Amino acid sequence: MITLKTIDKYYDSRFQRTFVLKDINLEITKGEFVTIMGPSGAGKSTILNIMGMLDEPSEGEYFFRNEPVHKFNEKRRVEFHRNHVGFIFQAFHLIDELTVYENIETPLIYKGMKSSQRKSVVADMLDRFNIVAKKELFPPQLSGGQQQLVGIARAIAGKPELLLADEPTGNLHSDQGKEIMELLKKLNREGITIIQVTHNEEFAKCGTRIIRLIDGYITSDKGIDQNPPKK
Amino acid sequence: MFWYYLKTAIRNLWNNKKFSIINITGFAFGISICLAIALFLVNEYLCDRYHEHADEIVRVIDVKNNSSSIDYRVKDILLNNYPEIENACLIQCAFRPIEVKVNGQGLYLDNIMSVDNSFFEVFTIPFATGSSSVPFTNIHSAVITESTAKILFGAENPVSKEILYQNNVPLTVTTVIKDFPDNSSFSASILVNAENEEFKFEKWIGDSRDLSTYWWPFRVYLQLNKVANRGLLLEKIKSDTELLVPYVSEAGFLPLKDIYLFDPTTGSGNKRGNPGLLKLLGAIAFIILSLAIINYINLTVAQQNKRNKDTGVKKTIGANRSNIFFHFLSESVLVSLLAFALGIFLVGILLPVYNAIFNTTIDINYLFRLPNLFILICTILLIGLLSGSGPAIALSGINPVKVLSGSVILQGKKNFLRNSLTVFQFTISIILIFCVIIVQRQIKYIKHKNPGFNEEQLVRLDIPAIQENEAPKFFALIEELRKSPYISNLSTSFGVPGNIPLSMGSNMENTDKNMSVPSLLVDTAFLETFGIKVIKGRNIEPGDLEKVCMINEAAWRHFEFKDLENKRFNNFGGYDIVGVVNDFHFRSLHDEIGPACIIFTGRGRPTTINVRFVSNGTSPGMDYVRETWQKILPGFPFKYQFYDEWFDSMYRSEERFAKTIGLFAVLAIVISCIGILGLAIFSSERRTKEIGIRKVNGATVSEVVTMLNKDFVKWVVIAFIVAVPVSWYAMNKWLESFAYKTSLSWWIFVLAGVLALGIALLTVSWQSWRAATRNPVEALRYE
């Protein structure tokens with residue numbers, strides 16, 4: 001589904017060129033649950049942003065479902081992004097002025113979905129995540145875990161094929177974090193491709209593959225055996 | 001979708017209450033001023049349009065002499081010979097107080113118009129009592145307005161009542177008309193029949209022996225046929241030379257709608273508007289509106305940190321550029337709507353005050369009438385779109401990645417625009433402050449400038465028209481007045497400081513400097529009553545009547561006299577010049593004092609009695625004067641004017657100008673302060689991290705405040721540098737209309753600049769202090 005070929009990302013200042021990503025080659029197939037790990041400044045978020053079409057690589061090619069994203073103009077990129085990608089953030093980034101219901105509804109409005117259809121999709125999401133009772137509340141009134149739930153609901157409301165999560169449990173304490181990870185695993189089993197960035201080794205093991213980045217290079221790319229043989 | 005935008009816009013405004021209130025109020029302020037000015041301009045522009053035939057009415061003018069004074073006989077000539085002319089009428093206005101007597105009681109009315117019966121057909125003159133197409137039944141008919149009727153006759157029906165004009169012309173009231181509206185170029189209390197020889201107010205005589213050179217100028221108005229072609233008609237008139245040539249060599253038409261504002265001719269005799277003022281007001285409205293829009297843009301962009309995050313989030317969940325664009329536009333249109341609503345409300349409140357100051361009857365409901373309402377709504381939308389595009393364009397293109405990771409937005413380029421807008425606002429404020437100071441100084445200067453005579457405790461009594469046989473009453477009055485212990489001096493004269501109607505040729509021998517000299521005809525008590533000093537030659541002696549005169553310093557300089565030997569004015573009988581008096585103002589300080597001459601004579605009917613009261617004797621003195629007048633001259637209108645008040649009132653239009661400028665200065669400053677407040681908030685939020693780091697490294701609150709304030713001082717200084725030459729030029733120009741000016745000292749510029757700086761710092765310091773006292777830990781927390 002995703003193919004990155006010799007992706008570079010750098011910033012030019014007056015005297016030097018700073019590389020954030022160097023010579024990234026990656027292939028991710030549909031249905032995988034990939035974790036990207038690495039120390040701070042390694043470029044993890046950058047890679048995620050490139051894959052999520054929020055950012056452009058300085059060099060290299062990016063194919064999403066065999067379409068050359070690096071050649072898209074902004075309009076097409078936005079369209080692709082709308083229909084195929086969902087994003088979750090460490091800081092949740094909900095819109096504080098809108099209720100839970102409206103937050104989940106917003107991406108559907110941008111997609112141009114009709115009102116009646118929106119209603120049923122949102123209702124379905126609320127139900128699935130068990131937050132129907134909270135639908136008229138505003139984000140500041142929710143706990144961290146609940147906010148992230150809303151964030152996930154919002155991200156998958158449009159039924160994207162790819163879900164990108166940037167440190168989804170970073171602002172949550174361990175119990176909430178575990179819940180979120182369980183949810184992500186469940187979603188993955190239902191067929192959504194998930195790529196997450198995290199520092200947490202334990203949560204990294206929830207996925208099917210771990211990619212490690214150091215200083216912009218991929219240093220290892222291993223699949224995880226979900227069911228390690230009992231010793 | 002539209003609903004979604006509206007919802008988010010409303011919620012956004014509500015959640016940022018502080019900002020929203022500042023934004024909307026500032027905007028509303030600016031809008032209310034613009035609306036008020038717009039209403040005023042429209043009112044002026046629509047002057048005279050209310051007449052039913054307004055589009056077909058023109059005034060005949062003499063193109064060659066550029067004059068509107070046309071002999072009255074032209075009216076019939078044109079009416080009888082040109083079928084394109086449906087109707088025609090004559091008008092003559094006299095804008096001076098006229099004296100009338102009703103039931104033996106005399107008083108003064110403002111303004112009289114002399115017209116014919118067709119006037120009431122050509123123009124739309126609503127009647128208050130009945131309606132008659134021929135209000136003038138004979139040459140003694142008079143038509144009065146409703147307010148005049150109230151003044152003259154109280155609640156009684158004025159029809160068929162008698163009025164005595166100028167004490168010798170009897171008139172009978174036939175009809176009462178409604179008062180002329182304030183957007184009409186006509187203004188009169190009473191209308192009289194032009195067919196009465198007494199009411200042909202002006203007469204021009206070519207050769208007094210030849211009756212055919214006598215001329216009675218009027219204003220001639222024509223009501224043309226709806227389909228008449230004016231150009232062709234004028235051509236026809238031009239070719240029929242024998243008809244009009246004795247009266248008008250080349251005739252032209254001046255449309256009615258141009259008369260109030262754009263009349264280039266002389267002798268028009270109607271109320272005139274001031275197109276220069278209208279242009280100035282229009283410019284002011286435009287400037288104020290621009291300031292308000294600039295403010296909105298600045299303030300909106302200033303609270304962008306929070307917006308940016310939202311914008312970034314929206315982009316990650318599928319919004320494209322135009323979605324973001326519409327978010328901003330919907331908010332700005334909403335603000336525009338609210339600001340307009342508040343602005344209209346403000347105008348509604350202020351309009352009565354405004355009408356009182358400027359003596360107008362502007363009606364706010366004009367805004368809500370149909371085509372105007374539509375224009376209003378379009379304007380609201382346009383302004384909303386305009387002000388929204390600024391932030392929208394600036395912020396819709398941001399990279400969500402940068403935003404969400406918390407880095408600073410808005411490159412230096414945009415900063416420049418914002419800063420120059422603020423500099424612009426401050427420049428305007430400084431210019432206005434400066435103008436206010438200068439205008440006030442000038443008014444104070446001319447009011448306190450020595451007028452050349454002692455204007456305190458001095459009153460002028462106007463002598464009404466008296467018949468010959470009543471003259472002895474006058475002398476009786478003067479004798480009685482002299483007896484009062486409260487009155488120190490008394491003098492009668494024709495012509496006073498402040499108004500010299502008579503000018504006579506000097507006709508002196510051995511000089512090429514003869515000119516027409518303004519002359520006062522006075523009695524021997526004049527100089528002492530007015531406190532005018534003789535500075536050369538000798539003082540007046542009792543036997544001097546009919547023999548001598550004195551000139552003022554300006555005349556002495558003009559005629560280049562070296563002494564007073566054998567100097568004689570050979571006019572009006574001939575008078576030796578025996579002395580020179582100090583210059584005194586005989587007009588307002590707009591004009592330089594020119595040569596004048598005081599002739600001591602008993603000839604010529606005096607029009608004023610000038611009374612000087614002893615110190616603290618003014619009040620009982622005036623009571624005595626009033627009682628004596630009513631005792632000896634009952635039924636004669638008692639009209640008086642204190643000299644100090646009179647001279648003060650000559651500067652009324654300047655005072656009004658000062659008030660207007662003062663008002664605009666305050667407004668501009670308020671708007672600029674709102675603008676700079678927004679900038680301060682923006683700047684301090686942008687530097688939150690920097691402030692936090694500085695504080696952690698040991699900076700004190702005051703050091704941080706100073707650092708933040710320093711930036712603004714820079715902008716105000718730039719504004720000051722730009723403002724100085726502009727203000728200097730503008731005020732110089734304005735002062736040119738005065739012969740006696742105050743000075744444009746350097747310290748005034750400095751004062752204006754310091755004031756502006758002070759206000760700016762005050763506004764900014766509060767915000768800087770808030771930013772500086774914030775807990776650095778919060779500032780440095782990683783998002």
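Just so you know, these numbers come straight off a predicted model, no measurement behind them.
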> With a 4.5 angstrom heavy-atom cut-off, which part of Phe138(A) approaches chain B: side chain, backbone, both or neither?
Replying inline: side chain

>> For Phe29(B), is the CZ atom crowded, meaning more than 12 foreign heavy atoms sit under 6.0 Å from it?
In response: no

> Roughly how far apart are Asn12(B) CG and Asp96(A) CG, rounded to 0.5 Å?
Replying inline: 10.5 Å

> Taking side chain as C-beta onward, heavy atoms only, is Thr8(B) less than 4.5 Å from Glu97(A)?
Replying inline: no

>> Atom CZ of residue position Phe340(B) - does it have more than 12 heavy atoms of other residues, nucleotides or ligands inside 6.0 Å?
In response: yes

> Which value, rounded to the nearest 0.5 Å, describes the distance between Thr99(A) atom OG1 and Arg11(B) atom CZ?
Replying inline: 6.0 Å

> Considering residues, nucleotides and ligands other than Lys710(B), do more than 12 of their heavy atoms fall under 6.0 Å from its NZ?
Replying inline: no

>> I'd like to check Tyr110(A) versus Lys314(B) (side-chain heavy atoms, cut-off strictly below 4.5 Å). Are they in contact?
In response: yes

>> Counting C-beta onward and ignoring hydrogens, is there a side-chain heavy-atom pair between Ile317(B) and His93(A) closer than 4.5 Å?
In response: no

>> Salt bridge check, Lys7(B) against Glu102(A): does any charged N sit closer than 4.0 Å to a carboxylate O?
In response: yes

>> Between Tyr5(B) and Ile109(A), is there a side-chain heavy-atom distance shorter than 4.5 Å?
In response: no

>> More than 12 heavy atoms of other residues, nucleotides or ligands under 6.0 Å from NZ of Lys111(A): yes or no?
In response: yes

> When you look at Leu98(A) and Tyr4(B), which way does the side chain to side chain contact (heavy atoms under 4.5 Å, CB included) test go after all the steps?
Replying inline: CA-CA 10 Å; Leu98(A) 300 178; Tyr4(B) 168 65; 4.2 Å; yes

